[in-house]
Number of protein chains: 2
Amino acid sequence: MIQPLRRSRPRLPAAERRRQIIDVTTRLIAERGFWGLSMQDVADGCGLTVPGLLHHVGSKDGLLLAVLDYRDEQDARALVAELGDAATVTPREICAALVRRNAGQPEIVRLFAVLEAESLTPDHPAHDYFEARQRRTLEGLTAALKEHTAEPEAVAVRIVALMDGLQIQWLRNPGEVDLVAQWEAAAAMLFADAG
Amino acid sequence: MIQPLRRSRPRLPAAERRRQIIDVTTRLIAERGFWGLSMQDVADGCGLTVPGLLHHVGSKDGLLLAVLDYRDEQDARALVAELGDAATVTPREICAALVRRNAGQPEIVRLFAVLEAESLTPDHPAHDYFEARQRRTLEGLTAALKEHTAEPEAVAVRIVALMDGLQIQWLRNPGEVDLVAQWEAAAAMLFADAG
DNA sequence: GTCTATAGGACGATAGAC
DNA sequence: GTCTATCGTCCTATAGAC
């Protein structure tokens with residue numbers, strides 16, 4: 001009568017489990033930020049216990065970094081798919097594509113909006129990530145704008161600022177603010193002298 | 001030998017103590033957000049125990065609302081002092097005054113930046129406050145723009161978005177981004193057709 | 001107005017079995 | 001790969017003395 005009975009629970013392969021963990025965590029951080037995130041909630045959302053969750057990500061900080069790494073990878077993939085890696089695309093087209101993509105995934109946008117603000121303080125585990133991300137974005141955009149305007153750096157700052165600001169208003173009131181339309185209208189002035 | 005010995009500790013009057021609590025809390029929320037705020041840290045910063053702190057604010061939510069109420073009061077006072085309540089002031093001047101004031105108090109700006117993002121979720125204790133605040137701001141600005149542009153509402157959205165976005169970049173890199181200068185330059189395009 | 005004492009959880013993380 | 005059990009810490013809040 002001794003039952004061999006191994007594995008009454010699913011025991012997903014590590015890669016799939018990791019993917020599930022990242023999905024759940026993305027949703028929860030968007031709702032509550034990193035400081036408001038609890039490992040218990042993530043574990044529950046995955047049908048795991050907390051030690052089970054920690055087996056995959058090591059620590060709470062590790063969990064956050066896993067989410068950000070995954071986003072980088074996805075974003076890079078998506079942008080190449082949409083635009084090709086062509087050098088013929090204008091900065092304005094790049095921005096428009098980005099806004100269109102963001103308009104379709106409010107959860108991700110919220111993830112970044114919350115973490116961007118939270119991580120302003122130097123002891124936030126994503127502080128360095130967001131500092132590097134902002135520098136990379138501004139440098140890339142500045143370079144792309146060089147041949148189109150006299151003040152590429154200042155224009156780049158304005159573009160990023162406007163995108164971030166519009167996203168916040170859109171997230172707070174998705175029904176009333178049309179992200180893509182607002183951006184197109186705003187872009188008309190921003191790119192008045194640029195391409 | 002029986003000592004009457006009452007009050008070995010300061011025992012500040014309630015109003016002063018409340019003011020101190022709000023100051024300390026403002027700094028801590030700017031650093032960690034509301035979810036990351038601990039009553040213990042606030043109490044320590046005031047030289048109080050946690051129950052002593054709770055005596056003044058009732059609960060953690062009450063503490064947050066006290067901070068926001070106080071900010072509303074201060075901001076209204078400051079804006080009237082700077083501009084008078086005159087109807088002769090243009091929207092552009094109002095915005096410029098606001099940006100100049102913000103440039104001098106990064107801690108307060110950070111408080112709002114963090115709470116604005118955190119409070120996107122409906123169960124955040126400041127959710128309603130920020131929703132009302134955004135609506136009030138947009139309506140006021142839209143009204144002020146009515147005589148200056150054909151699309152006052154859309155321009156108002158852009159103005160708010162740009163101010164919020166510039167502030168984030170400035171907060172992350174105060175040395176490299178000059179908030180006032182960036183705003184002046186951006187305002188030149190935003191108000192191209194408006195006053 | 002502030003304290004001590006304490007209730008009653010939730011937290012992140014580790015050890016070790018299976 | 002996932003579990004149970006547990007550690008030690010932190011958390012908000014209440015009761016009641018002074």
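A note on names: the letters A, B, ... follow the listed sequences, proteins ahead of strands, and every chain is numbered from 1.
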> For D:dT2, does either OP1 or OP2 sit under 4.0 Å from a side-chain N or O belonging to A:R17?
Replying inline: yes

B:L53 atom CG is separated from C:dT4 atom P, nearest whole Å, by 15 Å

Query raised in the report: Does any non-hydrogen side-chain atom of B:H124 lie less than 4.5 Å from one of A:R32?
Result: no

Separation of C:dA10 atom P from A:R32 atom CZ, nearest Å, is 13 Å

TODO: Answer yes or no: is there a side-chain heavy-atom contact under 4.5 Å between B:V24 and B:L28?
DONE: yes

Open item on the list: C:dG1, OP1 or OP2 - any side-chain N/O from B:R18 closer than 4.0 Å?
Closed with: no

A:L48 has its side chain closest, among D:dA13, C:dA13, D:dT2, to D:dT2

Is there a side-chain contact between A:R158 and A:V155 in this structure, where contact means two heavy atoms from C-beta onward sitting under 4.5 Å apart? yes

Separation of C:dC11 atom P from A:L28 atom CG, nearest Å, is 11 Å

Whole-Å distance, B:L54 CG to C:dA5 C1', equals 15 Å

Has B:H55 got a side-chain N or O lying under 4.0 Å from the OP1 or OP2 atom of C:dG1? yes

Report yes if at least one side-chain N or O of B:T49 is closer than 4.0 Å to OP1 or OP2 of C:dC3; otherwise report no. yes

**OP:** Return no unless some side-chain N or O of A:H56 is found under 4.0 Å from OP1 or OP2 of D:dT2.
**Re:** yes

Write out a two-atom table: protein N or O, nucleotide N or O from nucleotides 9-11 of chain D, distance below 3.5 Å.
| unit_1 | atom_1 | unit_2 | atom_2 | d |
| --- | --- | --- | --- | --- |
| D:dC11 | OP1 | B:S38 | OG | 2.9 |

Winner on side-chain proximity to A:P51, out of D:dT2, C:dC3, C:dA15, is C:dA15

In B:V109, B:D178, B:V180, the residue satisfying side-chain contact (heavy atoms from CB on, under 4.5 Å) with B:W170 is B:V109

Could A:R133 and A:F112 be counted as a cation-pi pair, given that NZ or CZ must be under 6.0 Å from the ring centre and within 45° of the axis? yes

**Report entry** N/O donor-acceptor pair under 3.5 Å between A:K146 side chain and A:L141 backbone
**Finding:** no

A:D61 CG to C:dC11 P, in whole Å, measures 16 Å

Would you check if B:Q167 and B:D164 make a side-chain contact, meaning some heavy-atom pair closer than 4.5 Å? yes

